[in-house]
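Some notes on the structure that comes next.
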Amino acid sequence: MAVVTIAEVANHEGQEIRLRGWLYNLRESGKLLFPQFRDGTGVLQGVVSQKENPEAFQALTGLTQESSVEVTGVVRADARAPGGYELQVTGVAAVQKIPEGDPYPIQLKEHGVDFLLENRHLWIRTPRQAAILRVRDEAIFAAREFMHQQGYVLTDAPVFTPSACEGTTNLFEVDYLDDRKAYLTQSGQLYVEATAAALGKVYCFGPAFRAERSKTRRHLTEFWMLEPEAAYAGMEDMIALAEGLITYMVQSAIARCPQQLAVLGRDVARLETVRPPFPRLSYDDAIELLHRQGNATAWGEDFGGDEETILSSQHDRPVIVHRFPTAIKAFYMQPDPQRPELALGFDILAPEGYGEIVGGGERISSYDLLRERLRQHDLPEEPFRWYLDLRRYGSVPHAGFGLGIERTIAWITGAEHIRETIPFPRTIYRLWP
RNA sequence: UGGGGCGUGGUCCAAUUGGUAGGACACCGCACUGUUAAUGCGGAUGGUGGAGGUUCGAGUCCUCCCGCCCCAGCCA
């Protein structure tokens, strides 16, 4: 008898199959039992009649929520069953029965955030969380697929770094054997600038760590970032790449995860409109727009959450904001030759208040200018010696960006909080489980 | 790092503003042959985050501590 996953049962209508999973819920009605089985690919309702199958009825009666079970049964199409199919159970074998005295803690009821996060190792079994994690898998797979198709080579950056990438603030410090210190990376960007000079078009994909005391629904201390970098490229090239990448991730999720998005109650119509080109605003225009909306942000100030929300709520697609004042951007940003007070950098803001999902731009390629900027930002030159070498030996114009995976997935899935979009979130106050 | 808020059975909440700490869910039993977080009836278990203080009396008021949430800042 074939072992079948719940995702595949539609292909086995009328056949007797074997299912291996867990008892998600058990509803009963007289001499009928309606067990809900889950196996990681979905939930399937079974039906057992005491009259027709007393052994299976007996085996299932009293079986507790989340007990592991192997069941056999015949797949039937039935409009009364959730999902349209149900399993007419022929046999049930408990793999491990959870004792009644110590029941599974997570009910099919509402729980508080703290309790759920404390039990994250179990919470991920619920259909909603499992759906988000499947969309995450699909979005990441699509992202890597897209980058590969575009000729970008995966060159991962180290997690241990000798010093800060973008300055010395808010790094996690760890003991590095003997008497040295290392820091967990907060960005792979500097390293992909080096590999871009070696391989042309590259990207890295991995975790980034920020020891910032951010406590909002958009922040984690450990998050995943995809960072492309290309030699002989400028800001426009990167905007086009980011538009393509985001579009591909979103459209792949829609195409490959329709059931998951349905479980999540995501309004897919709001994602289907995501196609290039995305609406654009220069920083100058953005300030003007904010003023028209009654927001008093002065030219030269950076945007906060309120400003991002105003700008992104104008459109149903992600919004690109470009050419920020140099003074509020990182030291490595290439100035606009037309207006040196502006940097050739851009952000992409996700719709529906999910915030900034991309930040990037063209990097400074001039050795002298880069040294000057390090001085202006009060950064020591020695830790950047290798980085400066990239400008001494065959320097070329180059550009890149970083895409925050969790924020992107939060937007695609419509998750309330970014912490639902990663299996085991790390936040300022949570290091468990 | 600022500002605001919340901690009550395993879970989700209530307690007439200082006067006997309760309900629902979960668990167990019974009933019900199409349930959709089933429903109805019954049962057992079990709690005020911690330490002080005020008071005849504190879940409620005060001080400190601990844990967490939200907003801002920082950022992706």
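On a predicted model such as this, the values are computed, not experimentally measured, just so you know. Just so it is clear: chains get the letters A, B, ... in the order the sequence lines come, proteins before strands, and each one is counted from 1.
A/E110 comes within contact range of at least one nucleobase, with a heavy-atom separation under 4.0 Å. A/G112 comes within 4.0 angstrom of sugar-phosphate atoms only, judged by non-hydrogen atoms across all strands, and of no base. Using a 4.0 Å heavy-atom criterion, one finds that A/G304 contacts the sugar-phosphate atoms exclusively. Across all strands shown, A/L220 has heavy atoms under 4.0 Å from base atoms, whether or not it also approaches the sugar-phosphate. Nucleic acid contact class of A/D78 (heavy atoms, under 4.0 Å, all strands): base. Using a 4.0 Å heavy-atom criterion, one finds that A/T408 contacts no nucleic acid atom at all. Nucleic acid contact class of A/F115 (heavy atoms, under 4.0 Å, all strands): sugar-phosphate only. Within 4.0 Å (heavy atoms only), A/L33 reaches no atom of the nucleic acid at all. Residue A/R218 is in base contact, counting any heavy-atom pair closer than 4.0 Å across all strands shown. As judged by a 4.0 angstrom heavy-atom cut-off over every strand, A/A81 is placed among the base-contacting residues. At a threshold of 4.0 angstrom between heavy atoms, the contacts of A/P105 with the nucleic acid are absent. Using a 4.0 Å heavy-atom distance criterion, A/E28 is classed as a base contact.
A donor N or O paired with an acceptor N or O is found under 3.5 Å between the base of B/rC74 and the side-chain atoms of A/S214. Side-chain N/O atoms of A/Q107 and base N/O atoms of B/rC25 include a donor-acceptor pair closer than 3.5 Å. In this model, a side-chain donor or acceptor of A/E86 finds a partner on the base of B/rG34 within 3.5 Å. A donor-acceptor contact under 3.5 Å is formed by the side chain of A/Q45 with the base of B/rU35. In terms of polar N and O atoms assigned as donor or acceptor, the side chain of A/H219 comes within less than 3.5 Å of the base of B/rC75 in a complementary pairing.
Residue A/H417 has a polar side-chain atom (N or O) positioned under 4.0 Å from OP1 or OP2 of B/rC70. Distances shown here put every side-chain N or O of A/R407 at or beyond 4.0 Å from the OP1 or OP2 atom of B/rA76. For the pair A/K31 and B/rC32, the criterion of a side-chain N or O lying under 4.0 Å from OP1 or OP2 is met. Within the structure, every side-chain polar atom (N or O) of A/R217 is placed at least 4.0 Å from both OP1 and OP2 of B/rC75.
For the side chain to side chain donor-acceptor pair (under 3.5 Å) condition, the pairs that include at least one residue of residues 316-328 of chain A, sequence neighbours left out, are A/R323-A/D336.
Both A/K329 and A/Y104 sit near RNA chain B, but only A/Y104 has its closest nucleotide nearer the 5' end. Across the interface with RNA chain B, nearest-nucleotide mapping of A/R27 and A/Q36 shows A/Q36 to be the residue nearer the 5′ end.
With a glycosidic angle more than 90° from 0, B/rU54 adopts the anti conformation.
Salt bridge annotation for A/E66-A/R38: present, with a cationic side-chain nitrogen under 4.0 angstrom from a carboxylate oxygen. A salt bridge does not link A/E308 with A/R407: every distance from a Lys NZ or Arg NE/NH1/NH2 to an Asp or Glu carboxylate oxygen is 4.0 Å or more.
Around CZ of A/F172, the count of heavy atoms belonging to other residues, nucleotides or ligands within 6.0 Å exceeds 12.
Ring-plane geometry between A/Y283 and A/F324 is classed as tilted, the angle between the planes lying from 30 to 60 degrees on a 0 to 90 degree scale.
The gap from the C1' atom of B/rU54 to that of B/rG2 amounts to 32 Å, rounded to the nearest Å.
In RNA chain B, consecutive stretches of 3 or more Watson-Crick or G-U wobble pairs with both distances under 3.5 Å are given as paired ranges: B:1-7 with B:66-72, B:10-13 with B:22-25, B:27-31 with B:39-43, B:49-53 with B:61-65.
By the criterion of a centre-to-centre distance under 5.5 Å and near-parallel planes under 30°, the ring of A/Y429 forms no stack with the base of B/rG67.
The nucleotide whose nearest atom lies closest to any side-chain atom of A/T64 is, among B/rC69, B/rC28, B/rA76, B/rC28.
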